[in-house]
Trainee: 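I have a structure here, written as structure tokens, and I will follow up with some questions on it.
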2 protein chains.
Amino acid sequence: MKEDLTQASIEPLLDYFNKLILLNKEEKQLVTERFQPRLYRRRQYVLQEGDICKHFNFVVRGCLRSYITDEKGNTHILQFAAENWWITDIGSFYKTKASKLNIDALEDTMVLQISYDNLTGLYDQAPKFNQIFRVLIENSHVALQNRLLQNISSSAEERYLSFIQAHPHLSNRLPQTQIAAFLGITPEFLSRVRNNQTKKP
Amino acid sequence: MKEDLTQASIEPLLDYFNKLILLNKEEKQLVTERFQPRLYRRRQYVLQEGDICKHFNFVVRGCLRSYITDEKGNTHILQFAAENWWITDIGSFYKTKASKLNIDALEDTMVLQISYDNLTGLYDQAPKFNQIFRVLIENSHVALQNRLLQNISSSAEERYLSFIQAHPHLSNRLPQTQIAAFLGITPEFLSRVRNNQTKKP
DNA sequence: ACTACATCAATACTATTTCTTGATGTAGTT
DNA sequence: AACTACATCAAGAAATAGTATTGATGTAGT
């Protein structure tokens with residue numbers, strides 16, 4: 001399964017913005033100028049704990065994840081970002097402070113990324129992007145809140161079910177180890193949960 | 001083969017320096033403060049062509065390589081850096097100019113790295129390090145010169161033999177593709193050279 | 001005691017990376 | 001024209017790494 005990742009198309013990003021708010025030609029041009037394509041290979045870091053997050057990343061192709069590693073060495077996944085998703089450490093990015101998160105690639109991944117300076121420049125040149133990025137951050141916020149609510153109120157099985165409902169494409173694309181780390185259970189237990197599921201209905 | 005790369009020990013670096021010139025307690029403390037541990041995963045870039053090389057890197061565990069890619073897309077390896085070796089683009093680092101080299105990780109690799117500012121600070125606080133880094137750069141220079149001489153004067157087979165003599169541990173640790181890229185031949189031809197060798201003696 | 005999970009270890013599978021080999025080609029000697 | 005020292009391409013084999021499954025056993029909270 002070889003795919004050409006070298007050609008980064010800006011189209012998916014323009015489409016994404018266009019669905020939120022219609023862009024004119026100049027605005028599309030600005031986006032094209034200020035976003036940079038970049039390839040991250042599987043297992044490669046996009047951001048490492050302790051570093052300052054320098055980019056807002058839009059995934060064109062592939063899949064990234066953000067996570068923390070606890071004292072015991074267990075990793076806890078905050079977010080997956082596959083095609084047409086955003087991922088960054090917003091706190092670190094806007095406040096220019098050290099991040100507590102790691103972001104890395106689960107697959108070879110092409111992103112379109114924008115630096116802080118380029119983003120503030122974009123805001124100045126086309127204030128409309130303030131609104132776009134506000135909406136975008138709102139969306140992330142809502143997703144995060146749902147996830148937290150899920151997490152504190154449901155069993156592993158329920159969380160698994162709502163995960164496959166919310167991300168049907170991811171559930172059979174990502175390794176179960178990753179899904180387990182997202183759900184907060186062991187891969188072994190996830191294996192058993194899945195096994196039960198297939199027997200039930 | 002699981003290894004703990006999360007714990008970066010400063011010991012190998014202190015040992016390394018100590019073998020060149022004895023350090024006192026304060027100097028060891030300075031080293032500890034000014035060098036940062038950092039993990040690079042296999043295939044991850046430490047430095048990319050066009051970027052400015054920001055660090056002097058000492059490999060604690062793992063292996064890095066520096067290389068260029070030519071117009072045809074072939075990679076030519078300048079240097080491998082395994083345990084207790086240094087790797088950086090000295091020109092880019094000291095002159096703060098864009099590098100022509102790439103440096104990346106062949107294995108998951110823990111380095112201790114020092115930034116330009118921290119290094120000049122170290123020179124100021126403990127002038128002894130001027131001498132240490134001079135020696136260190138001399139060593140690199142000699143290695144480079146030998147490599148060049150080898151390269152312009154020997155056949156692939158001879159270069160291979162002197163490589164395994166100079167780096168016996170690397171010759172069966174690195175993939176042959178990498179060694180071939182270092183020797184300047186194709187992996188296929190290296191395979192045949194090796195085959196001939198085993199038949200001969 | 002029962003539920004909902006964890007931990008450890010062994011085994012089986014799958015995918016990816018690396019190595020080898022054969023066939024064929026070429027540029028520069030002899 | 002033949003020979004040497006390499007390259008290129010393609011296919012398959014071998015080695016390694018990553019992933020999934022299962023059984024046995026453990027534990028904290030109801």
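Sequence lines set the chain letters: A, B, ... in the order given, protein chains first and strands last, and positions in each chain run from 1.
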Trainee: If you look at every strand shown and take non-hydrogen atoms under 4.0 Å, does A/Thr177 touch a base, only sugar-phosphate, or nothing?
Mentor: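 Sugar-phosphate contact only.
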Trainee: Distance check needed: C/dG25 C1' versus B/Arg192 CZ, whole Å only.
Mentor: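 Rounded to whole Å, this separation is 12 Å.
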Trainee: Just the rounded figure in Å: distance from C1' of D/dA7 to NE2 of B/His76.
Mentor: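 Checked: the NE2 to C1' distance equals 13 Å.
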Trainee: Do the ring planes of A/Tyr94 and A/Tyr116 sit parallel (below 30°), tilted (30 to 60°) or perpendicular (above 60°)?
Mentor: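 Ring orientation, 0 to 90° scale: perpendicular.
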Trainee: Counting only Watson-Crick or G-U wobble pairs whose two distances fall under 3.5 Å, which nucleotide matches D/dA28?
Mentor: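 Checking every strand shown, D/dA28 finds its partner in C/dT3, with both distances under 3.5 Å.
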Trainee: Could you state the atom-to-atom distance from CD of B/Glu157 to C1' of D/dT4 in whole Å?
Mentor: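 Whole-Å distance recorded here is 13 Å.
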Trainee: Distance check: side-chain N/O of A/Ser155 vs OP1/OP2 of C/dA4, anything under 4.0 Å?
Mentor: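 So the side chain of A/Ser155 is outside the cut-off, no N or O lying under 4.0 Å from OP1 or OP2 of C/dA4.
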Trainee: For B/Asn74 and D/dC6, give me the distance from atom CG to atom P, rounded to whole Å.
Mentor: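 For the pair B/Asn74 CG and D/dC6 P, the rounded distance is 16 Å.
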Trainee: Would you kindly give the CZ-to-C1' distance between A/Arg159 and C/dA4, to the nearest whole Å?
Mentor: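 It is 10 Å, rounded to the nearest whole Å.
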Trainee: Roughly how many Å is it from CG in B/Leu183 to P in D/dA5, rounded to a whole number?
Mentor: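 Atom-to-atom, B/Leu183 to D/dA5, this comes out as 16 Å.
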Trainee: From C-beta outward on B/Glu188, which listed nucleotide comes closest to its side chain: C/dT7, C/dC5, D/dC9?
Mentor: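 Given the options C/dT7, C/dC5, D/dC9, the side chain of B/Glu188 is closest to D/dC9.
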Trainee: Pick the nucleotide of DNA chain D nearest each of A/Ser191 and A/Arg43; which residue has the one closer to the 5' end?
Mentor: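 Comparing both residues, the 5'-ward one is A/Arg43.
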Trainee: Is a salt bridge present between B/Arg43 and B/Asp104, judged by a nitrogen-to-oxygen distance below 4.0 Å?
Mentor: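 Salt bridge between B/Arg43 and B/Asp104, a charged N being under 4.0 Å from a carboxylate O: no.
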Trainee: With under 30° as parallel and over 60° as perpendicular, where do the rings of B/Phe80 and B/Phe182 fit, or are they tilted in between?
Mentor: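 Rings of B/Phe80 and B/Phe182: parallel, under 30°.
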Trainee: For B/Phe189 and C/dT26, what is the distance between atoms CZ and P respectively, to the nearest whole Å?
Mentor: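 Checked: the CZ to P distance equals 18 Å.
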Trainee: In whole angstrom, what separates A/Leu174's CG from D/dG18's P?
Mentor: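 Rounded to the whole Å, the gap is 17 Å.
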Trainee: Does B/Arg61 use its side chain to pair, donor to acceptor, with the backbone of B/Met110 at less than 3.5 Å?
Mentor: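 No.
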Trainee: Partner of C/dT21 by Watson-Crick or G-U wobble geometry, both contacts under 3.5 Å, or none?
Mentor: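 Per the H-bond distance test, D/dA10.
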Trainee: Please determine whether a side-chain nitrogen or oxygen atom of A/Gln176 lies at a distance below 4.0 Å from atom OP1 or OP2 of D/dT21.
Mentor: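 Yes, such a contact exists.
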Trainee: Distance check: side-chain N/O of B/Asn195 vs OP1/OP2 of C/dT21, anything under 4.0 Å?
Mentor: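 Indeed, a polar side-chain atom of B/Asn195 lies that close.
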Trainee: Is the shortest distance from a Lys or Arg side-chain nitrogen in A/Arg134 or A/Glu138 to a carboxylate oxygen in the other one below 4.0 Å?
Mentor: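 Salt bridge present between A/Arg134 and A/Glu138.
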